[in-house]
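Structure record follows, encoded as C-alpha cells.
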Amino acid sequence: MSNQVKAEEQPTMMLEHGLYDDLAHALPSGVYRTRVFHDVSLIEDKWVGSKDIPYVVEFANDRFFEMLHFDRAFFRKNPGVIHGLIFEADKAGFAKKNVEANLNITPFVWEGRLVINDSIVWIRFNSIPRVLENQDIIWTGTMDDITLRKQIEEDHKRKNTELQQLNADKDSLMSILAHDLISPFNSILGYLDLLATNIRQYDMDEIEEQVTVVNHSATNAFHLLEDLLLWTRSQSGAIPFEPKVISLKWVYDEVLALLKTTADTKNITIKSNDAGNITVFADSDMLNTMLRNLISNAIKFTRNGGTITICTEQKSSAVTISISDTGIGIAPEILSKLFDATQLYTSPGTANEKGTGFGLLICQKFVEKHGGKIWVESELGKGSTFSFTLPSS
C-alpha cells in the first residue's frame with residue numbers, strides 16, 4: 001500500500017515541478033538560485049574576477065539569460081562571466097556587498113552597472129539566503145533591468161540641480177538689479193524734488209542742467225530695464241528663433257551704418273575683411289543684436305582714434321566672426337565675470353559711457369541658441385577680441 005501511494009505521488013510531483021519551471025520562465029524578472037561555498041564566501045577577491053568564483057548557479061530562468069544576452073550552454077561553461085560584465089568602477093562595491101551578505105546571512109541587494117554589448121545597463125539584484133547543513137548558502141533572487149528608472153532619476157536630479165542654480169542665479173541677479181536700479185532712480189527723484197521745490201527760483205541754466213541729469217539717469221534706467229526684458233525673454237524661450245540663410249556682408253553693412261555716428265564721435269575706424277559670399281544659417285534679429293552689442297562694446301572701450309576690425313573665417317561646418325579692438329583691454333580677474341549672470345559686471349567706457357552688463361549675456365544666449373560658442377581673448381592695455389561661431393549655410 002505504501003509503495004502504491006508513493007507511485008501515485010510521483011506524477012503529481014513531476015507536474016508541480018513542471019508548473020514551477022513554467023512559472024519561473026514566464027516571470028518578467030530574471031530569477032536565479034546560486035549555491036555559495038562557505039569556505040570561500042568571505043574572500044573578497046573571489047567576487048571581483050570571473051575565475052575561481054565562490055559559487056555555482058543551480059538555476060536561472062529564460063529572462064535571466066535574455067537580459068545578459070547569453071545562451072545557457074555558454075553560461076554553464078563560464079558561470080563567472082557575469083563578473084566580467086560589471087562596470088569597472090562598480091566591481092569593488094559588488095564584492096563588498098556579497099561578502100557582507102554572506103557574513104551576516106542578510107538579504108543581498110545591489111544596484112550597479114553592467115556592460116552588455118557595449119552598452120551600459122543598470123541592474124538590480126535582490127536575493128535572500130538559506131543556510132544548508134554543510135554551511136553552504138543557497139541564494140534565491142531576482143535580477144531586474146532598472147536602466148529606465150535610473151535615467152529618470154538622473155534626469156530629475158539634473159533638473160533639480162538646474163532649478164536650484166536658476167533660483168540662486170535669480171536671487172543674485174535680483175540683488176544686483178535692485179542696486180543698479182536704485183541709483184538712477186535716486187538721482188531722478190532727488191533732482192525732480194529739487195526742481196519742484198525751487199522751480200520759481202532757478203534760472204534757465206540751472207533748470208537745464210538738472211533736467212539733463214534727470215534725462216541721463218532716466219535713459220540709463222530705461223536701457224537697463226530694456227536689456228533685462230530681452231534677457232528674461234531669451235531665458236524663457238519667448239523670443240522667436242527663425243534661422244535662415246543670411247549674407248554676412250549684408251548684415252555687416254546694416255549694423256555698421258547704424259553705429260557709424262557713435263564711432264565717428266570718437267574718431268574710431270571700423271574695418272571689415274571682405275565677407276564676400278559667406279553666408280550663415282542664423283536668425284537675422286539675433287545676429288543683428290549680437291553684432292550690435294559686440295561692436296558697441298568695442299567702441300565703448302576703444303580710445304579716441306582707435307581701430308576696430310571685424311574678421312570672418314569660414315570652415316566646413318561653421319563660420320567664426322571676431323570683433324577686435326585696440327582698446328584698454330580686460331584684466332584677467334575680470335574675464336571670468338563677463339559671461340556670469342550672477343555678477344553682471346559692467347564698467348565705464350573710455351569716454352565714461354555707461355552699460356547695463358546684459359549685452360554679453362544676451363550674446364552668449366543667442367550664440368548658444370544657434371549651437372555655437374562665444375569666447376574672449378584680451379590683454380590689458382592692448383585690446384580685446386570677442387569671437388563667436390555660427391553654423392554655415
Side-chain angles (χ1 to χ4, degrees), residues 219-220 223 226-227 230 245-315 318-331 334-335 338-339 345-367 370 372-390 392-393:
T219 300
N220 287 340
H223 286 323
E226 190 177 41
D227 282 352
L230 182 59
V245 177
I246 300 173
S247 166
L248 281 180
K249 184 179 185 306
W250 180 83
V251 178
Y252 290 169
D253 290 345
E254 184 179 41
V255 173
L256 293 180
L258 184 67
L259 297 175
K260 185 177 185 305
T261 302
T262 307
D264 289 347
T265 302
K266 297 176 74 172
N267 194 31
I268 292 172
T269 301
I270 301 180
K271 300 186 297 183
S272 171
N273 70 332
D274 186 10
N277 297 319
I278 297 178
T279 57
V280 293
F281 189 67
D283 182 285
S284 59
D285 290 336
M286 289 186 180
L287 178 54
N288 271 270
T289 299
M290 289 186 281
L291 288 171
R292 283 200 311 271
N293 271 299
L294 293 175
I295 297 172
S296 294
N297 271 356
I299 294 171
K300 175 181 173 182
F301 293 107
T302 299
R303 297 185 183 87
N304 191 63
T307 302
I308 295 170
T309 305
I310 305 171
C311 291
T312 311
E313 182 183 4
Q314 184 169 28
K315 294 183 178 179
V319 174
T320 301
I321 300 171
S322 299
I323 293 93
S324 302
D325 62 61
T326 58
I328 58 178
I330 306 168
I334 301 302
L335 285 174
L338 295 180
F339 296 104
Y345 179 79
T346 183
S347 61
T350 54
N352 205 35
E353 302 101 320
K354 303 295 182 183
T356 65
F358 276 104
L360 290 178
L361 298 179
I362 293 169
C363 288
Q364 181 187 37
K365 191 68 179 180
F366 286 175
V367 168
H370 287 82
K373 61 179 181 177
I374 184 169
W375 67 96
V376 58
E377 297 169 316
S378 184
E379 187 174 349
L380 201 59
K382 293 187 177 181
S384 305
T385 298
F386 283 84
S387 304
F388 64 95
T389 60
L390 292 174
S392 59
S393 60

(request) Kindly compute the distance separating OG1 (Thr385) from CD1 (Ile308), expressed to the nearest 0.5 Å. (result) 11.0 Å

(message) I'd like to check Asn297 versus Phe386 (side-chain heavy atoms, cut-off strictly below 4.5 Å). Are they in contact?
(response) no

(request) State which residue, out of Thr289, Ile374, Asn293, fulfils the side-chain contact (heavy atoms from CB on, under 4.5 Å) condition with Phe366. (result) Thr289

(message) Asp285: which residues meet the salt bridge (Lys or Arg N to Asp or Glu O under 4.0 Å) condition with it, sequence neighbours left out?
(response) none

(request) Please confirm whether the backbone N or O of Ser392 pairs with a side-chain atom of Lys315, one donor and one acceptor, at under 3.5 Å? (result) no

(message) Keeping Thr389 on the side-chain end and Lys373 on the backbone end, is there a donor-acceptor pair under 3.5 Å?
(response) yes

(request) Could you check Val251, Ile295, Leu291 and say which one makes a side-chain contact (heavy atoms from CB on, under 4.5 Å) with Leu256? (result) Ile295

(request) Can you measure from CE (Met290) to CG (Leu360) and round to the nearest 0.5 angstrom? (result) 12.5 Å

(message) Which residues pass the salt bridge (Lys or Arg N to Asp or Glu O under 4.0 Å) test with Glu379, not counting sequence neighbours?
(response) Lys382

(message) For a quick test of reading the model, state the closest non-hydrogen atom pair linking Ala263 to Ile270 and the distance between them.
(response) CB-CD1, 3.9 Å

(message) Donor-acceptor check, side chain of His370 to backbone of Asp283, threshold 3.5 angstrom: yes or no?
(response) yes

(message) Atom NZ of residue position Lys249 - does it have more than 12 heavy atoms of other residues, nucleotides or ligands inside 6.0 Å?
(response) no

(message) I'd like to check Tyr252 versus Ile321 (side-chain heavy atoms, cut-off strictly below 4.5 Å). Are they in contact?
(response) yes

(message) I need the minimum non-hydrogen distance between Gly327 and Asp325, along with the two atoms involved.
(response) N-OD1, 2.8 Å

(request) Quick one: list whatever passes side-chain hydrogen bond (donor to acceptor under 3.5 Å, both in side chains) with Ser378, sequence neighbours left out. (result) Ser384

(message) To check you understand the geometry: which heavy-atom pair defines the closest contact between Leu259 and Ser296, and what is its length?
(response) CD2-OG, 3.5 Å

(message) So, taking the atom named CD1 in Ile362 and the one named CE in Met286, what distance separates them when rounded to the nearest 0.5 Å?
(response) 11.0 Å

(message) What's the separation between atom CG in Leu361 and atom CG in Leu338, rounded to the nearest 0.5 Å?
(response) 9.0 Å

(request) Evaluate the side-chain proximity of Leu287 to Phe388: yes if any heavy-atom separation is below 4.5 Å, no if none is. (result) yes

(message) Can a donor-acceptor pair be found, under 3.5 Å and without considering hydrogens, that links the side chain of Thr350 to the backbone of Thr302?
(response) yes

(message) Once rounded to the nearest 0.5 Å, what's the spacing between atom CG of Asn277 and atom CD of Gln314?
(response) 9.5 Å

(request) Supply the atom-to-atom distance Leu294 CG to Ile323 CD1, rounded to the nearest 0.5 angstrom. (result) 4.5 Å

(request) Compare every heavy atom of Ile246 with every heavy atom of Ala282, then report the nearest pair and how far apart it is. (result) O-CD1, 3.0 Å

